[in-house]
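Input: a single structure, listed below in structure tokens.
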Amino acid sequence: MSHPLFIYFLISLSLYRSCTAHRHTFTVKEVPYKKLCSTKKILTVNGRFPGQTLKVYKGDTIYVNVRNRASENITMHWHGVEQPRNPWSDGPEYITQCPIRPGSDFIYEVIFSTEETTVWWHAHSSWTRATVHGLIFVYPRPPKSLPFPKSDHEVPLIFGEWWKKDVREVVELFMRTGGDPNVSDALTINGHPGFLYPCSKSDTFKLMVEKSKTYRIRMVNAALNLILFFAIAKHNLTVVSADGHYTKPINATYITISPGQTLDLLLHADQNPKSTYYMAARAYHSNPNINFNNSTTIGILRYTSSTSSSSKHYPNLPYYNDTSAAFRFFTSIKCLYSGQVPVKISRRIISTVSINNLMCPNNLCEGPNGSRLAASMNNISFVTPSHVDILKAYYYHIRGVYGTRFPEFPPLVFNFTADDQPLFLQTPRFATEVKILKFGESVEIVLQGTSLVGGGIDHPMHLHGFSFYEVGVGFGNYNVTEDPSNYNLKDPPYINTATVPRNGWVAIRFIADNPGVWFMHCHFDRHLTWGMKVVFIVMNGRGLNQQILPPPPNLPPCY
């Protein structure tokens, strides 16, 4: 018989582990990193780039104490985590909180609910997410099992961008001059540029696999301004999840992934183990008139049983502007469960997403024809408050912080995708306008790309607080009488980031059942900085479980 004190010790140890497993400390600090032949200081969490992977079970609540020991403000966003009734811990600066100042702490309560696979976390103030980010692995709560074959191993795969300069300098320069930001100097896989870049032969990601084993790749595109193509030579990938939710399995020779998106892929190690196989990622970019990083990051896949590399294989990636290839992949994704899409809608919002420009004194800015670049939704370039966040203003009825007149229809109706546009259409209105939604409304949002200022570009649009069904996507101008007849209302992707094609549109649907203040924005950080964003306020419902949770006691103060 076991001794009672020993049993007590085991119970205590189990309780201790269960408590500590749900609490994490993120210390944000600057540390030096050397890449591309030079060293610079970067923001990190706990000294790591990329940051640590969090592991949770479906429905968990975790607490993350963010300690800002850097020299600039920081906030943290839990991307893809819906945070039911808890916008206080969602993170976007001056939207749901004021920033954590240097030397200060804030404990985030991160509430998981419907998320089932892979989501991620990243900083959400200025461009700090360039190096402050990491994955979150969500597991089914026992005894529930996965709807796809269990893998032998899990592999985190994070795509990023690296600038030789301090990212703060990049932001300061393009904001001051009004032009496009300098493109990154390299793409990275798990922080490694790969041997195609200078001084990077030893700074190449390597994946060792065993013959006949299955590997679950949990992937995120954490790049700031690039949609990416990715493939592994000679190896097919099976997509089983997107944006934290299961999908119908898709066999793919390449994938397309937008900033903010996560994918789970099954890799079967079924090739000749004596060969070396390269993985590669490079940009998908639909507009040659806009400068972009056209380099390629390379990783290496080798088999553990290999004693020599008799041959080397490189993957075939679509050409950088192959729009049909990019959207062939996007539109192939289907949610695993059918019949859950809202069929009848009570609110339809149609919004343009545009690049704009502003006249500069003496035409001395670095945008087109001496102008200053901007961006907008429904011709409103969103002005982020600078002293009080919108959530606090809403909750405490503080006036003068925001207006409620974001239009449900484009205020200027024109041929949105025409080759030539009148100059007067290019100037937006600057305002802090939100959209109020009633609790329980069935909402459809149509996002219409435009050809303003240089012919347009794709826009990966992310919605906080919700996953949504992408019921339709198309090219040209959205037709409200014809296009809905082609919607997929059976099994569209259930995601949180939808890519609007260049000079095209995307339609999404969701039920507004998460009360709070929720951000929607382009996940190209340059467009976010320019104002391509809006805020939705979902009102409280009648029941106690349909109302915003009370604010935590340690919210960062506003100044």
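Along the sequence shown, residues carry numbers from 1. Heavy-atom basis, side chains included; hydrogens, waters and symmetry copies ignored.
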Checklist entry - In terms of the angle between their ring planes, are W121 and F26 parallel, tilted or perpendicular, with boundaries placed at 30° and 60°? => result tilted
Checklist outcome for this item: Output for pair (T128 OG1, N73 CG), nearest 0.5 Å, gives 9.5 Å
Next on the checklist: Is it true that S125 and E93 share a donor-acceptor pair across their side chains at a distance under 3.5 Å?
Outcome noted: no
Next on the checklist: Using a strict threshold of under 4.0 Å (side-chain N to carboxylate O), is an ion pair present between D60 and R141?
Outcome noted: yes
Checklist entry - Is there side-chain contact between L266 and F148, with at least one heavy-atom pair below 4.5 Å? => result yes
Next on the checklist: side chain to side chain contact (heavy atoms under 4.5 Å, CB included), that's the test. Do I350 and Y478 meet it? Break it down for me.
Outcome noted: CA-CA 9 Å; I350 300 178; Y478 177 75; 4.1 Å; yes
Checklist entry - For Q261, does its backbone N or O pair with a side-chain atom of D243 as donor and acceptor, under 3.5 Å? => result no
Next on the checklist: Would R129 pass as a cation-pi partner of F49, given that its NZ or CZ must be under 6.0 Å from the six-membered ring centre and within 45 degrees of the axis?
Outcome noted: no
Next on the checklist: Any side-chain to backbone donor/acceptor pair from S354 onto T450? Under 3.5 Å, distance only.
Outcome noted: no
Next on the checklist: Can you confirm whether I227 sits close enough to H285 that some side-chain heavy atom of one is under 4.5 Å from a side-chain heavy atom of the other?
Outcome noted: no
Checklist entry - Using 30° and 60° as the class limits, which term best fits the ring planes of H245 and Y494: parallel, tilted or perpendicular? => result tilted
Checklist entry - Checking side chain to side chain contact (heavy atoms under 4.5 Å, CB included) for the pair I495/F330: CA distance, chi angles, key distance, verdict? => result CA-CA 11 Å; I495 53 180; F330 285 143; over 6 Å; no
Next on the checklist: Counting only heavy atoms from other residues, nucleotides and ligands, does the tally under 6.0 Å from CZ of R405 exceed 12?
Outcome noted: no
Checklist entry - Do we see a donor-acceptor contact under 3.5 Å between the side chains of S376 and W530? => result no
Next on the checklist: I'd like to know if the side chain of T61 and the backbone of I111 have a donor-acceptor N/O pair within less than 3.5 Å.
Outcome noted: no
Checklist entry - Do E444 and Y487 get their side chains close enough for a donor-acceptor pair, meaning under 3.5 Å? => result yes
Next on the checklist: Measuring centre to centre across the rings, with the benzene-like ring taken for any Trp, is W78 within less than 6.0 Å of F112?
Outcome noted: no
Next on the checklist: Is there a side chain to side chain donor-acceptor pair (under 3.5 Å) between S104 and N68? Walk through the geometry before answering.
Outcome noted: CA-CA 6 Å; S104 300; N68 187 358; over 6 Å; no
Item to check | Criterion side chain to side chain contact (heavy atoms under 4.5 Å, CB included) on D458 and S286, from CA distance to verdict | outcome: CA-CA 7 Å; D458 308 82; S286 61; 2.4 Å; yes
Checklist entry - Cation-pi between R509 and F468: NZ/CZ under 6.0 Å from ring centre and within 45° of the ring axis? => result no
Checklist entry - Quick one: are P493 and T247 in side-chain contact, heavy atoms under 4.5 Å? => result no
Checklist entry - Roughly how far apart are L549 CG and N86 CG, rounded to 0.5 Å? => result 5.5 Å
Item to check | Minimum heavy-atom distance between N379 and P411, given as atom pair plus value | outcome: CB-CG, 4.1 Å
Item to check | Student check: side-chain heavy atoms of L265 and M219 closer than 4.5 Å | outcome: yes
Checklist entry - Should R168 and E72 be marked as a salt bridge (charged side-chain N to carboxylate O under 4.0 Å, His left out) after you check the CA-CA gap, both sets of side-chain angles, and the distance that decides it? => result CA-CA 10 Å; R168 290 174 294 190; E72 60 186 293; 3.2 Å; yes
Checklist entry - Which pair of non-hydrogen atoms, one from A507 and one from V446, has the smallest distance, and what is that distance? => result CB-CG2, 4.1 Å
Checklist outcome for this item: Smallest heavy-atom separation, S351 atom then M377 atom, equals OG-CB, 3.6 Å
Checklist entry - In terms of side-chain heavy atoms, does E82 have a donor or acceptor partner in S467 at a distance below 3.5 Å? => result yes
Next on the checklist: Parallel, tilted or perpendicular: which one describes the rings of W163 and W127, with boundaries at 30° and 60°?
Outcome noted: tilted
Next on the checklist: Let's go through Y402 and Y394 carefully: what are the C-alpha distance in whole Å and the side-chain angles of both, what is the deciding distance for side chain to side chain contact (heavy atoms under 4.5 Å, CB included) to 0.1 Å, and is it a yes or a no?
Outcome noted: CA-CA 9 Å; Y402 62 87; Y394 169 67; 3.5 Å; yes
Checklist entry - Backbone N or O of L224 within a donor-acceptor pair of the E161 side chain at under 3.5 Å? => result yes
Checklist entry - Ignoring hydrogens and geometry, is there a side-chain-to-backbone donor-acceptor pair from T131 to L43 under 3.5 Å? => result yes
Item to check | Main-chain N/O of R85 paired to N514 side chain as donor or acceptor, under 3.5 Å | outcome: yes
Item to check | Distance flag, aromatic centroids of Y108 and F106, threshold under 6.0 Å | outcome: yes
Checklist entry - Got N293 and L187 here, is their nearest side-chain heavy-atom distance under 4.5 Å? => result yes
Item to check | Chi angles and distances behind the salt bridge (charged side-chain N to carboxylate O under 4.0 Å, His left out) call for R69, D105 | outcome: CA-CA 9 Å; R69 301 300 179 261; D105 301 0; 2.9 Å; yes
Checklist entry - Are the side chain of T497 and the backbone N or O of M461 linked by a donor-acceptor pair below 3.5 Å? => result no
Checklist outcome for this item: Here the gap from F524 atom CZ to M532 atom CE, rounded to the nearest 0.5 Å, amounts to 9.5 Å
Next on the checklist: Parallel, tilted or perpendicular: which one describes the rings of H523 and W120, with boundaries at 30° and 60°?
Outcome noted: tilted
Checklist entry - Checking side chain to side chain donor-acceptor pair (under 3.5 Å) for the pair T404/K435: CA distance, chi angles, key distance, verdict? => result CA-CA 6 Å; T404 58; K435 191 66 188 174; over 6 Å; no
Checklist entry - Are the side chains of H79 and V119 in touch, meaning some heavy atoms are under 4.5 Å apart? => result no
Next on the checklist: Using the ring centroid of each side chain, check whether H124 and H464 are separated by less than 6.0 Å.
Outcome noted: yes
Item to check | Close side-chain approach of L237 and L267, heavy atoms under 4.5 Å | outcome: yes
Checklist entry - Between R218 and E154, is the closest basic N to carboxylate O distance under 4.0 Å? => result yes
Next on the checklist: Quick check on ring-ring contact (aromatic ring centres under 6.0 Å, His included): which of F230, F329, F229 does Y284 satisfy it with?
Outcome noted: F229
Checklist entry - Do T96 and K392 have a side chain donor and acceptor closer than 3.5 Å? => result no
Next on the checklist: Main chain of L544, side chain of Q547: is a donor-acceptor contact present, judged purely on distance under 3.5 Å?
Outcome noted: no
Checklist entry - Hey, does the side chain of T499 reach the backbone of P460 with a donor-acceptor pair shorter than 3.5 angstrom? => result no
Next on the checklist: Checking D264 against T118: is there a side-chain donor and acceptor pair closer than 3.5 Å?
Outcome noted: yes
Checklist entry - Where does the angle between the aromatic ring planes of H462 and H521 fall among parallel (under 30°), tilted (30 to 60°) and perpendicular (over 60°)? => result perpendicular
Checklist entry - Between H527 and C522, what is the shortest heavy-atom contact and its length? => result ND1-SG, 3.6 Å
Item to check | Heavy-atom neighbours of Y57 OH exceed 12 at 6.0 Å | outcome: no
Checklist entry - Under 3.5 Å, side chain of Y94 to main-chain N/O of D389, donor-acceptor pair present? => result no
Checklist entry - Yes or no on salt bridge (charged side-chain N to carboxylate O under 4.0 Å, His left out) for E116 and K144, after CA distance, side-chain angles and deciding distance? => result CA-CA 11 Å; E116 297 181 288; K144 189 170 183 181; 3.7 Å; yes
Checklist entry - For N46 and Q52, does a side-chain donor sit closer than 3.5 Å to a side-chain acceptor? => result yes
Checklist entry - Going by atom types alone, do T75 and Q97 pair a side-chain donor with an acceptor below 3.5 Å? => result no
Item to check | Pairwise side-chain contact, R348 with P484, heavy-atom cut-off 4.5 Å (strictly under) | outcome: yes
